[in-house]
Amino acid sequence: GEIVEIPKRKVTISDASFSFDISVYEIFASLLNGQTVVLTGDDLTSDEKAQLMIENGVDVLRCTPTKFKILLDSEKFRIALKNLKYIMLGAEVFPVDVIDEISNYTSASIFNGYGPTETTIGVCFQNVLSHFVGLHKVFEQSAELHSNKISVIYQNKSFTYSEINVMANALAARLAMMGVKKG
């Protein structure tokens, strides 16, 4: 397939269930690149999600095609689409006829990360490091570079990279005290 290089983005909104394992990848991929991630949940209306997009200057949207189609019913969301550069859809089949409808509201590039089976999700990613470095170390480096930058926005509360790093280290210490070990 063709390799598409996506320029660095500044703000991503992730409308994924936190219980779904791929959402962890999606969140970390953005954070490891120094981006701000706005987390939403099912408790927000489409209009509220659109308002978050506008207020936070979101230029990338990540969600499932089903959630996207629901959001598209909101006039405010259709207006917010104008600011997007990328729409990243995945985890299920995305009907082609919806692409025409989306293009009425945005010129954003649309990517669908769906394969014919669950095992094809994320198979084209490769570790390009010459040695293994855990995600926690890569995130710590990102936190050092962007310590005072907002990393996550959730329920109208903002957290800097430094604050998230402190929380992650506290969680790791607690897990270690509970007996969780490497591997």
Side-chain angles (χ1 to χ4, degrees), residues 6 8-92 94 102 105-106 108 110-111 113 121-122 135-136 138-178 180:
I6 300 175
K8 279 198 170 191
R9 300 166 300 275
K10 59 178 185 170
V11 182
T12 299
I13 191 164
S14 182
D15 191 21
S17 169
F18 305 130
S19 63
F20 187 49
D21 57 355
I22 196 69
S23 66
V24 174
Y25 163 75
E26 292 173 353
I27 292 167
F28 268 104
S30 298
L31 292 176
L32 294 175
N33 286 292
Q35 298 168 19
T36 299
V37 179
V38 178
L39 300 175
T40 65
D42 291 332
D43 56 329
L44 297 178
T45 67
S46 296
D47 285 350
E48 290 170 326
K49 291 174 186 180
Q51 187 62 38
L52 282 173
M53 291 170 64
I54 293 166
E55 288 174 358
N56 293 291
V58 169
D59 50 3
V60 179
L61 168 69
R62 291 180 183 267
C63 67
T64 65
T66 299
K67 283 191 176 188
F68 186 85
K69 286 170 65 174
I70 292 168
L71 291 168
L72 202 54
D73 289 336
S74 161
E75 177 66 29
K76 193 169 194 170
F77 177 75
R78 292 191 302 265
I79 292 168
L81 280 176
K82 292 178 182 163
N83 298 324
L84 293 180
K85 293 181 182 134
Y86 301 97
I87 299 172
M88 312 292 283
L89 303 170
E92 60 190 42
F94 184 54
I102 295 170
Y105 305 106
T106 184
I110 303 166
F111 294 91
I121 296 174
L135 276 180
H136 65 289
V138 177
F139 181 78
E140 285 176 354
Q141 292 170 350
S142 188
E144 284 179 28
L145 287 171
H146 310 285
S147 62
N148 293 321
K149 182 178 179 187
I150 300 297
S151 62
V152 175
I153 300 169
Y154 180 65
Q155 293 184 343
N156 294 325
K157 184 161 177 149
S158 300
F159 301 93
T160 65
Y161 272 83
S162 180
E163 290 169 327
I164 293 291
N165 194 39
V166 167
M167 288 187 266
N169 287 334
L171 176 61
R174 178 152 168 86
L175 291 172
M177 286 176 32
M178 295 170 63
V180 176

Roughly how far apart are [X] [atom1] and [Y] [atom2], rounded to 0.5 Å?
{"X": "Lys85", "Y": "Thr106", "atom1": "NZ", "atom2": "OG1", "value": "11.0 Å"}
{"X": "Glu55", "Y": "Ile153", "atom1": "CD", "atom2": "CD1", "value": "9.0 Å"}
{"X": "Ser162", "Y": "Glu144", "atom1": "OG", "atom2": "CD", "value": "10.0 Å"}
{"X": "Ser46", "Y": "Glu75", "atom1": "OG", "atom2": "CD", "value": "12.5 Å"}
{"X": "Glu48", "Y": "Asp43", "atom1": "CD", "atom2": "CG", "value": "8.0 Å"}
{"X": "Leu171", "Y": "Ile164", "atom1": "CG", "atom2": "CD1", "value": "11.0 Å"}

- Message: Within the supplied structure, the quantity of interest is the number of heavy atoms (other residues, nucleotides, ligands) at a distance under 6.0 Å from Asp73 CG; does it exceed 12?
- Response: yes
- Query: Hey, are Asp47 and Ser74 close enough side-chain-wise for a donor-acceptor pair under 3.5 Å?
  - Reply: yes
- Query: Under 30°, 30 to 60°, or over 60°: which ring-plane class applies to Phe77 and Phe68, parallel, tilted or perpendicular?
  - Reply: perpendicular
Check whether any side-chain heavy atom of [X] lies under 4.5 Å from a side-chain heavy atom of [Y], and answer yes or no.
{"X": "Val11", "Y": "Ile150", "answer": "no"}
{"X": "Asn56", "Y": "Thr36", "answer": "no"}
{"X": "Val60", "Y": "Met88", "answer": "yes"}
{"X": "Glu140", "Y": "Asn169", "answer": "yes"}
{"X": "Leu52", "Y": "Val58", "answer": "no"}

- Are the side chain of Tyr161 and the backbone N or O of Gln35 linked by a donor-acceptor pair below 3.5 Å? yes
- Message: Any side-chain to backbone donor/acceptor pair from Ser151 onto Phe159? Under 3.5 Å, distance only.
- Response: yes
- From Leu84, Ile79, Leu71, Val38, residue fulfilling side chain to side chain contact (heavy atoms under 4.5 Å, CB included) relative to Met53: Leu84
